Number of protein chains: 2
Amino acid sequence: MTGMGSEDKTRTAQPRRGRVDKATAIVQAACEVFGRDGYSRASIDTIAAEARASTRTIYNHFPGGKEELFRSIVQWSAERVRDEQLAQLRRYLDPERPPHPDDLERDLLALARAWVVLITDFRYHFSLVRHIYAEAGHIPAEVLDAWQEAGPRVVGREVASAMAALGDRGLIDVHGSPAQAAAHFMALISTEITQRSYWGVRPLPPEEADRLTSAGVRAFLRAYGSAG
Amino acid sequence: MTGMGSEDKTRTAQPRRGRVDKATAIVQAACEVFGRDGYSRASIDTIAAEARASTRTIYNHFPGGKEELFRSIVQWSAERVRDEQLAQLRRYLDPERPPHPDDLERDLLALARAWVVLITDFRYHFSLVRHIYAEAGHIPAEVLDAWQEAGPRVVGREVASAMAALGDRGLIDVHGSPAQAAAHFMALISTEITQRSYWGVRPLPPEEADRLTSAGVRAFLRAYGSAG
DNA sequence: AGGCGACTACAACGATCGTTGTATCTTCTG
DNA sequence: CAGAAGATACAACGATCGTTGTAGTCGCCT
């Protein structure tokens with residue numbers, strides 16, 4: 001939004017220095033530090049050090065200060081993870097190519113496993129989400145809504161429509177509400193893992209995580225499988 | 001833990017002044033403020049004001065300062081809520097008096113509803129839990145373990161043994177792991193509500209919460225009901 | 001009454017932190 | 001080369017906060 005004028009030729013496209021673009025370095029560092037320490041504990045100095053930038057540069061890029069920086073990275077991180085989650089969803093549960101009934105459990109399990117991997121891959125993002133939930137009372141409603149709409153709600157809707165597709169083809173029985181089935185699917189595959197691992201802070205042994213994931217998928221299929 | 005010694009006559013039993021015991025006033029206020037603001041944002045001055053005490057009194061009762069106060073109230077709050085949850089569990093799912101098969105869904109639903117009510121009743125406690133999860137990386141492992149062992153793990157074990165009892169009597173099929181069934185039950189009845197309501201910060205309309213709860217119970221019974 | 005224990009008001013300290021201004025430096029562009 | 005634009009180092013400010021010390025107040029018990 002800021003900085004990039006309207007008709008500059010190729011100037012701002014190339015990173016000024018030989019290094020990485022300072023702006024993205026700051027955003028990445030801020031993601032990590034905000035995720036690790038939370039809004040209050042995170043200090044501008046720490047973010048600057050992590051980004052190998054000076055605090056002054058941060059304030060040049062984000063005139064709104066800490067608050068604007070936080071809003072920006074929440075949005076940025078949500079979009080990034082959302083895209084990754086949607087990619088895995090389309091990869092293992094493409095509404096265009098429904099799986100054979102025999103492969104349904106395999107595909108759901110593959111999706112679940114891929115998502116669990118994302119939880120540790122994007123550890124800092126999910127730490128950030130934890131802090132968002134914890135500090136929900138101190139975050140303006142508009143910011144919360146913008147975040148939900150940029151990330152979680154989109155994913156939820158996509159999973160719901162995938163469930164609807166499976167239902168239409170008779171692979172599962174959504175029992176009237178594809179959205180409800182989607183929510184239950186996500187709850188069953190992730191709740192226990194996230195809780196036991198403190199949202200990835202203390203990762204579980206892989207085989208344990210796998211056991212929980214497949215148990216969740218099997219329970220989901222018993223609850224929503226069309227064959228029963 | 002403090003205060004109630006073993007052989008004090010009647011001195012510490014009666015509040016010294018005409019008011020409430022300052023210690024419990026401080027603990028309650030600290031619970032509320034820590035839950036609302038989190039560890040870093042919460043200030044001793046705020047807690048003192050909320051407890052109508054002076055900061056000096058706080059340091060007299062908790063020589064360890066902010067850290068000890070936090071540890072104490074985490075433990076205290078966890079025990080209180082645990083007892084409440086166990087009471088509801090025994091009320092609606094007493095292992096000694098298993099329900100008739102026809103009443104199983106009704107009883108499970110009653111338990112689920114009672115627990116959902118607790119989420120808003122003990123709003124500050126669950127806010128505290130959010131912050132614990134968010135700041136897990138900054139809390140000593142021993143404190144985290146002590147908290148889990150004083151609260152969540154006990155409840156989880158009790159629900160698991162209730163599930164085992166239901167399984168033994170053929171009312172449900174635990175599919176090999178009562179603990180897993182318990183975790184799935186709790187996930188199905190509470191995950192969506194807690195997420196959608198931001199853990200009680202923005203409470204859902206009661207009928208909406210009810211809809212989600214009963215949908216969770218029905219899904220659980222489809223996954224774990226012995227009749228299928 | 002006298003003393004004791006708990007509570008309080010008040011001030012002060014050191015530390016951390018968000019934020020800004022300024023002067024200097026580097027690197028790219030014309 | 002000159003100039004511009006971005007980045008940096010540095011210092012300083014005001015504010016908040018945890019914590020401690022001190023002196024004083026209030027109510028209870030002997």
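Since we're looking at a predicted model, the values are computed, not measured. Within every chain, numbering begins at 1; the chains are lettered A, B, ... in the order of the sequence lines, protein sequences first and strands thereafter.
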A.B. asks: Atom CZ of B/R56 to atom P of D/dT19: distance rounded to whole Å?
C.D. replies: 11 Å
A.B. asks: Within the supplied structure, the quantity of interest is the number of heavy atoms (other residues, nucleotides, ligands) at a distance under 6.0 Å from A/E208 CD; does it exceed 12?
C.D. replies: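 Atom CD in A/E208 is crowded, with more than 12 foreign heavy atoms closer than 6.0 Å.
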A.B. asks: Could you tell me how far apart A/N60 (CG) and C/dT19 (C1') are, to the nearest whole angstrom?
C.D. replies: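 Rounding to the nearest Å, CG of A/N60 and C1' of C/dT19 are 12 Å apart.
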A.B. asks: Using whole Å, report how far CZ of A/R52 lies from P of D/dA9.
C.D. replies: 12 Å
A.B. asks: Counting side-chain heavy atoms from CB outward, which of C/dC7, C/dG18, D/dT8 is closest to B/K22?
C.D. replies: C/dC7
A.B. asks: How many Å lie between CD1 on A/I26 and C1' on D/dG6, as a whole number?
C.D. replies: 11 Å
A.B. asks: Under 4.0 Å between a side-chain N/O of A/T57 and OP1 or OP2 of D/dT8, yes or no?
C.D. replies: yes
A.B. asks: If you count every heavy atom of other residues, nucleotides or ligands that lies below 6.0 Å from B/E149 atom CD, does the total exceed 12?
C.D. replies: yes
A.B. asks: Assess the side chains of A/R113 and A/T213: does a donor N or O sit below 3.5 Å from an acceptor N or O?
C.D. replies: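 No, no side-chain donor-acceptor pair sits under 3.5 Å.
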A.B. asks: What's the OH-P distance between A/Y59 and D/dA9, to the nearest Å?
C.D. replies: 16 Å
A.B. asks: Nearest whole Å is fine: how far is C/dA15 P from B/K66 NZ?
C.D. replies: 18 Å
A.B. asks: Nearest 0.5 Å, please: how far is CZ in B/R52 from CD1 in B/I26?
C.D. replies: 13.5 Å
A.B. asks: Can you list, by residue number, the residues of residues 32-46 of chain B that have a non-hydrogen atom closer than 4.0 angstrom to DNA chain D?
C.D. replies: B/A42, B/S43, B/I44
A.B. asks: Classify the ring geometry of B/F34 against B/F70: parallel below 30°, tilted from 30° to 60°, perpendicular beyond 60°.
C.D. replies: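 The rings of B/F34 and B/F70 stand perpendicular, inter-plane angle above 60°.
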A.B. asks: Does A/L128 reach the side chain of A/Y124, with side-chain heavy atoms less than 4.5 Å apart?
C.D. replies: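 Sidechains of A/Y124 and A/L128: no contact.
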A.B. asks: Does one side chain, of B/Q28 or B/E50, offer a donor that lies under 3.5 Å from an acceptor on the other?
C.D. replies: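 The answer is no; no qualifying pair exists.
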A.B. asks: So, OP1 or OP2 of C/dC7: does either fall under 4.0 Å of a side-chain N or O from B/H61?
C.D. replies: yes
A.B. asks: Between C/dG18, C/dT8, D/dG18, which nucleotide gets closest to the side-chain atoms of B/S54?
C.D. replies: C/dT8
A.B. asks: What is the distance, rounded to the nearest whole Å, between atom CD1 of B/I58 and atom P of D/dT20?
C.D. replies: 13 Å
A.B. asks: Starting at atom CZ of B/F70, determine the distance to atom C1' of D/dG18, rounded to an integer number of angstrom.
C.D. replies: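 The answer, rounded to whole Å, is 16 Å.
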